[in-house]
Amino acid sequence: MKNQHNEIVDEYDFDIDLKIPSNISLSFLGYSGTNATVNLGELKATEEYSLLPSLHIVANIDVIIRVDSQHLGKLKHETHDDKFAIDYKLAISNEYFELKSPITKQISIAEGDEVLLPLKIKLADFSNLAAGRYSDIIRFQVNPVSY
């Protein structure tokens, strides 16, 4: 091995500038993991539903997850959405959130490069609602934390 002056050397210090771009992927695992629609069946007041897919995050950096609801945390009736709605809370890893406005949660990826976040919803107390389908759309966005 030779240095910059063409002299033979036994050892040489190198300065290596290594930049690894942040890498994040989000997928859904479990019940209906390949389908974006989850059917909860017959809805019951104050019931907790855990048969939702889990979020699977693979990353090499801490991430911020942003969650928002199209109907602001309500399951709305398919034809009478202005009259009939059921409030609910979303649990991410057993921490409940109201979705009346978008929420953000920082996820630390320090212990490895994978995090599994189970999801659940808990319905509010309701009665005398119209029969039919109730739905909401929940969006998940995952971004790297910029320090």
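Every heavy atom of this structure was used, including side-chain atoms; hydrogens, water molecules and symmetry mates were not. Please read all numbers here as calculations on a predicted model, not as lab measurements.
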Query raised in the report: Are L43 and I86 side-chain neighbours, meaning at least one heavy-atom pair lies under 4.5 Å?
Result: yes

Report task. Could you list the residues that satisfy salt bridge (Lys or Arg N to Asp or Glu O under 4.0 Å) with D136, not counting sequence neighbours? Result -> none

Query raised in the report: Can you name the salt bridge (Lys or Arg N to Asp or Glu O under 4.0 Å) partners of K76, sequence neighbours left out?
Result: none

Query - Approximate separation, where rounding is to 0.5 Å, of L99 CG and R139 CZ - result: 11.0 Å

Query - Side chains of I109 and V115 in contact at under 4.5 Å (non-hydrogen atoms) - result: yes

Query raised in the report: In Å, rounded to the nearest 0.5 Å, how long is the span from CG of L117 to OG of S93?
Result: 4.0 Å

Report task. May I ask you to check whether over 12 heavy atoms, not counting those of K122, lie within 6.0 Å of atom NZ? Result -> yes

Report task. Flag the pair L52 / I121 as yes when at least one side-chain heavy-atom distance between them is below 4.5 Å, and no otherwise. Result -> yes

Requested in this report: To the nearest 0.5 Å, tell me how far K100 NZ sits from E98 CD.
Outcome: 5.0 Å

Query raised in the report: Going only through I, L, V, M, F, W and Y residues with side-chain contacts under 4.5 Å, is there a path from L72 to Y88?
Result: no

Query raised in the report: From L116 CG over to L55 CG, what is the distance, rounded to the nearest 0.5 angstrom?
Result: 8.5 Å

**Report entry** side chain to side chain donor-acceptor pair (under 3.5 Å) involving Q70 - partner list, sequence neighbours excluded
**Finding:** none

Query raised in the report: When rounded to the nearest 0.5 angstrom, what distance separates CG in L75 from CZ in R133?
Result: 13.0 Å

**Report entry** Partner residues of H77 under the ring-ring contact (aromatic ring centres under 6.0 Å, His included) criterion, sequence neighbours left out
**Finding:** H80, Y134

Query raised in the report: With a 4.5 Å limit on heavy-atom distance, are the side chains of V67 and F97 in contact?
Result: no

Report summary line: Taken in chain and number order and not counting sequence neighbours, the residues that satisfy salt bridge (Lys or Arg N to Asp or Glu O under 4.0 Å) with K105 are E95

Query raised in the report: I103 versus I92: any side-chain heavy-atom pair under 4.5 Å?
Result: yes

Report task. Applying side chain to side chain contact (heavy atoms under 4.5 Å, CB included), name anything that partners E42, two or more places apart in sequence or on another chain. Result -> none

Query raised in the report: Hey, are the side chains of T46 and L123 touching, using non-hydrogen atoms and a 4.5 Å cut-off?
Result: no

Query raised in the report: Taking all non-hydrogen atoms of both residues, which atom of P118 and which atom of S54 are closest, and how far apart?
Result: CA-OG, 3.4 Å

Requested in this report: Before accepting this row, confirm whether a basic side-chain N of the pair E48/K120 lies closer than 4.0 Å to the acidic partner's carboxylate O.
Outcome: yes

Query - Validation row: L51, V38 side chains within 4.5 angstrom (heavy atoms) - result: no

Report summary line: Partner of P144 under side-chain contact (heavy atoms from CB on, under 4.5 Å), picked from I61, D62, I64, is I61

Query raised in the report: In Å, rounded to the nearest 0.5 Å, how long is the span from OG of S25 to CD1 of I57?
Result: 9.0 Å

Requested in this report: Test side-chain contact (heavy atoms from CB on, under 4.5 Å) on L119 and F140 and set out the steps.
Outcome: CA-CA 12 Å; L119 301 176; F140 297 92; 3.8 Å; yes

